[in-house]
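Please read these numbers as outputs of a predicted model, since none were measured by experiment. In what follows, residues are counted from 1 in the order of the sequence shown.
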Amino acid sequence: MRDVDENKVSSVMISDHAEEEDLLIQVEEAVERGEDALPKFEILEANLKRHIYAEEEILFPRIEDGSWRPVVEELMNQHCAIWDGLREFKSNVGTSEAPKVLNRLYSLLKVHNSIEEGGVYGAVDDSMTTPLDLERVEVPLGWEPLFTINGAGLRSRRY
């Protein structure tokens, strides 16, 4: 992880966004060169899944200011779309669809990250008194984002 103020959640998470963007660019470059992008993608996938898990299970529940609830719910909906994008890329590695999937994922992450960095992380900084060691966060096997897509649309499992 880059040099960050480890006492501020916002600093840790923004640094992780930058690392994820770097990894996504590496995956895109591998795809463009016709190389096997799967090894780099799996690093990106693990990082994004850990990041999403940390937000949904550790950070978002600690936001005490209720005015952030609609924003957090939108971010959680986006987590579902990001999760689906990861799954879609993995099933399209080596096909002509792979660059399109990566482009959609990149666009989604740009919007998503700007919302988080634009204030949500500050709300977490205000609510969380202990540092977050993101690298020690482990995603339980089988965990998925708390908003899931079903035949009737989006539904919440907890919030």
- Test item: side-chain donor near acceptor, H17 and E21, under 3.5 Å: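 Per modelled atom types, H17 and E21 side chains form no pair under 3.5 Å.
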
So how far is it from [X] [atom1] to [Y] [atom2], rounded to the nearest 0.5 Å?
X	Y	atom1	atom2	result
L105	H112	CG	NE2	11.0 Å
Y106	L109	OH	CG	9.5 Å
L146	E57	CG	CD	5.0 Å
K100	N92	NZ	CG	9.5 Å
E138	R136	CD	CZ	9.0 Å
I52	I82	CD1	CD1	4.5 Å

- Item | From CA spacing to verdict: side-chain contact (heavy atoms from CB on, under 4.5 Å), M76, E55 | CA-CA 9 Å; M76 291 172 67; E55 287 176 347; over 6 Å; no

- Task: Going by the side chain to side chain contact (heavy atoms under 4.5 Å, CB included) test, name the single residue among V124, D125, V12 that passes it with L59.
- Result: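 So the option named by the test is V124.
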
- Task: Please say which of N77, I115, I63 ends up in a side chain to side chain contact (heavy atoms under 4.5 Å, CB included) with V72.
- Result: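 So the option named by the test is I63.
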
- Query: Do you reckon I25 sits in the same ILVMFWY cluster as F41, going by side-chain contacts under 4.5 Å, direct or chained?
  - Reply: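 Different clusters.
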
Please report the closest heavy-atom contact between [X] and [Y], naming both atoms and the distance.
X	Y	answer
D36	L38	OD1-N, 3.1 Å
I14	E117	CG1-CG, 3.4 Å
G85	V101	O-CG1, 3.7 Å
A54	L134	CB-CD1, 3.6 Å
P99	T95	CD-O, 3.8 Å

Does a side-chain heavy-atom distance below 4.5 Å link [X] with [Y]?
X	Y	answer
L24	E20	no
R50	D16	yes
L75	V120	yes
E19	N47	yes

- Query: With a 4.0 Å cut-off, would you call R104 and E88 a salt bridge?
  - Reply: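 Here R104 pairs with E88 in a salt bridge, since their nearest N and O are under 4.0 Å apart.
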
- Take the angle between the ring planes of F60 and H79 and call it parallel below 30°, perpendicular above 60°, tilted in between.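 Because their plane-to-plane angle is under 30°, the rings of F60 and H79 count as parallel.
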
- Message: Just to verify, what does P140 make a side chain to side chain contact (heavy atoms under 4.5 Å, CB included) with, not counting sequence neighbours?
- Response: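 Result, side chain to side chain contact (heavy atoms under 4.5 Å, CB included) vs P140: Y53, W143.
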
- side-chain contact (heavy atoms from CB on, under 4.5 Å) evaluation trace for F89 with L44: CA-CA 11 Å; F89 179 79; L44 170 66; over 6 Å; no

- Quick one: do E116 and M13 satisfy side-chain contact (heavy atoms from CB on, under 4.5 Å)? Show the steps, please. CA-CA 9 Å; E116 291 175 338; M13 298 303 280; over 6 Å; no

- Query: So, the side chain of S107 versus the backbone of N103: is there a donor-acceptor pair under 3.5 Å, distance only?
  - Reply: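 Checking the backbone N and O of N103 against the side chain of S107, a donor-acceptor pair under 3.5 Å is found.
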
- Message: Between S10 (side chain only) and Y121 (backbone N and O only), is there a donor and an acceptor less than 3.5 Å apart?
- Response: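 Checking the backbone N and O of Y121 against the side chain of S10, no donor-acceptor pair under 3.5 Å is found.
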
- Task: Would you please test M128 and I58 for side-chain contact (heavy atoms from CB on, under 4.5 Å) and show each step?
- Result: CA-CA 10 Å; M128 211 165 148; I58 300 168; 3.9 Å; yes

- Query: Just wondering, are more than 12 heavy atoms of other shown residues or ligands nearer than 6.0 Å to CZ in R33?
  - Reply: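 Check passes, neighbour count above 12.
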
